[in-house]
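Each ligand, and each atom within it, is numbered from 1 in the order the structure gives.
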Amino acid sequence: MESPNDTKNEEPVTGFRIRSGPTYAFALVVFALVAAGVSLHAQTVRMGADTPPRPGAVDTTVTITVEALKPGVYAAKISYVWTGWVELGDGILVIDTGFSEAGARALADTIRARSGPQPIRYVVNTHQHEDHTGGDRYFATLGATFIAQEKVAGEIQHLLTWAPGETGDSLSHSGLTPTVKKISLRASYGGTKRPVRVIHLGRPAHTAGDLVVYLPKQGVLFAGDLVSNRSVPWLLDPDMSVNGWLQSLDSLLTPAFKIETLVPGHGVLGKPQASIQFTYHYLLDVREKASTVAAWGTKLNQIRDWGYLGAYEGLEFYEEVHFMNMRRLYNEAKGIKTPGRKNMHVFKRT
Ligand SMILES: [Zn+2]
């Protein structure tokens, strides 16, 4: 039997701030995207939404694709977003919860089917975006403690305490008050068999408070949205920093991380280096084009004419997200601050 260590937050909690931004109404049509490039061992389960969607959401179908990465370590793609879980020895640590309660229920069922009826001890939110935290309220009803970087923990706390609608949901009916643990730089979970390191790379990147989940013994990294592979990343968070993001990706490439298997936030499972490089090059390419064009004095309203990047055309989210990314970086190059958009759910896939 493993004896799990107590969790430890090695860094003092400093500079915690709560941001209360606008909540965007979102329209979401979920397509069942089963990534090409996942292994033959992938298991796909299609499930209809079994609960009424939250106001504004149109959850029609949830697709879960599971990858057994190592004994006791799994990745699960819920439609277009990667999640995962680790058997700690005395329970389960879940990494992100997808975009909806329906997805979270399907994920919890999948965990039970693969790992047995172990308690869900922790949910690590790699960041606060709705497509990664939409199932948090359901996992809270299972008794999970939440782990978030301190800069975004306020938003996650808000999500977990806010009572939805007039009638509420399973969490508000449960009377439970979930705990959110705030991580400054790093914390450790699990026993000697599968130690789990939850790490903030120290700078704003995809958001102000990205976390990665690293299993040094298994060489597995859950990168959250720091890495998108063959899928256009979301550069629209108000606190997104291209420089911080590039530096964070650089740190993932240092010998401090020995990554054999990398689970991105979006896209397909691929070789770790190639997945990191994909995101790295996209960031460089989009910034270079945006700043070059801004320097020429080209008008922003012609963005559809100049904003294309042929190398990424046809990839997931290219049509929906790429031109918004380009607009953001064009404005940044012009020194114009834009409010940004917090969540991926603001676009509708058609
Ligand atoms: Zn995100």
**Asked** By side-chain contact (heavy atoms from CB on, under 4.5 Å), which residues pair with H322, not counting sequence neighbours?
**Response**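 Only V232, Y282, V286, L309, Y318, M326 meet the side-chain contact (heavy atoms from CB on, under 4.5 Å) criterion with H322.
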**Message:** So, using side-chain contact (heavy atoms from CB on, under 4.5 Å) as the criterion, who are the partners of Q118 when residues are at least two apart?
**Reply:**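 E87, I92, S115.
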**Asked** About how large, to 10 degrees, is the angle OD2 of D225, then the Zn ion (ligand 1), then NE2 of H206?
**Response** 90°
**Request:** Compute the ring centroids of Y80 and F317, then answer whether they are less than 6.0 Å apart.
**Result:** yes
**Request:** Indicate, with yes or no, if the rings of W82 and H266 have centres closer together than 6.0 Å.
**Result:** no
**Message:** Tell me which N, O or S atom from H129 is the closest to the Zn ion (ligand 1).
**Reply:**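 Going by distance to the Zn ion (ligand 1), the closest N, O or S atom in H129 is ND1.
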**Which N, O or S atom of H127 lies nearest to the Zn ion (ligand 1), by name** = NE2
